[in-house]
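Take a look at the structure set out below.
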Amino acid sequence: MTAARTFFVGGNFKMNPTTYSGVKALIDDLAAADIDPKAEIVVAPPTLYLIPAAAHLATLKPSFTFNISAQNVYSKTNGAFTGEISPEMLVDAGIKYTLTGHSERRTLFKDTSDTVAARTKAALDAGIKVIFCIGETLDEREGDKTMSVCEEMIKAVVNVISEKDWANVVIAYEPVWAIGTGKVATSAQAQDVHHQIRAYLSANVSQNVAEATRIIYGGSVTAANCKELATCPDIDGFLVGGASLKPEFVQIGNARRA
Ligand code: 13P
């Protein structure tokens, strides 16, 4: 069924670069690159740069689908929530995507499965597509808890969104032990978890959602390891951190190209 799922490559810039000119240069280089027209590319610059980045991208003519994403969003429309931005603000700014539940949000900023689910639902309700991130720590993997941890994170979202909402969700499986460590999951490890996530969606949402939802892998993805991972039947793309700031991101966007 992979043919029906558009290959998706996200670049999570995290808190980089530290100038707008740096963000603009990354977008310029990508938009001018020869990337698979069948791929969908989405980059997530820091919040401060979302508006100029989207306005600048709108002036460019990439030969592939290229969108801008937020890295996080709050679950309320407006109010006394210092430091947060709302889905409605993203809509007003012309931003089409947001990440939710990135492991750095969960671990450093104490987002929980429930608050991530609330953020995810609020974004979807406002018409923002979501790259919803899940994944286990090394201790959890070694304790044979990978699937129970991932399923608990997905269940919180399953509980609050409708079946039709899943058309606007991409699940990013990012094992915490692989993020920023240079220790990529093997294609067998990643395929195994992706396959089980799909089975979970099938049992708990619907067979259609399980077949249609893109499940992408993140954690030390590079030009050197992306091609093999991209051959796995349940891996529909990548969420890339460090390498999204480098020229090799173009090769990752082309991982499925013959
Ligand atoms: P790295 O690609 O730097 O390991 O980061 C992955 C990630 O966290 C993407 O969201």
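Numbers here are sequence positions counted from 1. Just so it is clear, the model here is predicted, and its values are computed rather than measured. Counting convention: from 1, in listed order, for ligands and their atoms alike.
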Q) Can you check whether Thr181 has an N/O within less than 3.5 Å of an N/O in ligand 1? A) no
Q: Mark yes when over 12 heavy atoms from residues, nucleotides or ligands other than Lys96 sit less than 6.0 Å from its NZ; otherwise mark no.
A: no
Q.
Taking 4.0 angstrom as the limit and counting only heavy atoms of Leu239, give me the atoms of ligand 1 inside it, by number and element.
A. 9 (C), 10 (O)
Q. Looking only at heavy atoms, is any part of Asn12 under 4.0 Å from ligand 1, and if so is it the side chain, the backbone, or both, or is it neither?
A. side chain
Q) Any sub-3.5 Å donor-acceptor pair from Glu248's side-chain atoms to Ala243's backbone N or O? A) no
Q | Protein heavy-atom partner closest to atom 3 (O) of ligand 1 - residue, atom, separation in Å | A | Gly242 N, 2.8 Å
Q. Within the structure, does Gly218 bring an N/O atom to less than 3.5 angstrom of an N/O atom in ligand 1?
A. no
**Q.** Nearest-option assignment for atom 8 (O) of ligand 1, heavy atoms, candidates Gln71, His102, Glu104
**A.** His102
Q: List the closest protein heavy-atom neighbour of atom 7 (C) of ligand 1: residue, atom name, distance to the nearest 0.1 Å.
A: Glu174 OE2, 3.1 Å
**Q.** Which of the ligand 1 atoms, numbered from 1, are nearer than 4.0 Å to a heavy atom of Gly180
**A.** 1 (P), 3 (O), 4 (O)
(Q) Treating Ser86 as the side-chain partner and Thr77 as the backbone partner, does any N or O pair qualify as donor plus acceptor under 3.5 Å? (A) yes
Q. Nearest to atom 5 (O) of ligand 1, what protein heavy atom do you find, and at what distance?
A. Lys14 NZ, 3.3 Å
Q.
Ignoring hydrogens and geometry beyond distance, is a side-chain donor-acceptor pair present between Glu174 and Ser103 at under 3.5 Å?
A. no
Q.
What's the separation between atom CD1 in Ile171 and atom CD1 in Ile154, rounded to the nearest 0.5 Å?
A. 4.5 Å
Q: List the closest protein heavy-atom neighbour of atom 2 (O) of ligand 1: residue, atom name, distance to the nearest 0.1 Å.
A: Gly241 N, 2.8 Å
Q) Hey, is the main chain of Ile216 close enough, under 3.5 Å, to the side chain of Asp236 for a donor-acceptor pair? A) no
Q: Look only at the side chain of Ser69 and the backbone of Tyr97, and say whether a donor-acceptor pair between them is shorter than 3.5 Å.
A: yes
Q: Mark up the atoms of ligand 1 that fall under 4.0 Å of a heavy atom belonging to Gly219, in ascending order.
A: 4 (O), 6 (C)
Q. How many angstroms lie between atom CZ of Arg119 and atom NZ of Lys76, to the nearest 0.5 angstrom?
A. 10.0 Å
Q: Please state whether Ala178 comes within less than 4.0 angstrom of ligand 1, counting heavy atoms only.
A: yes
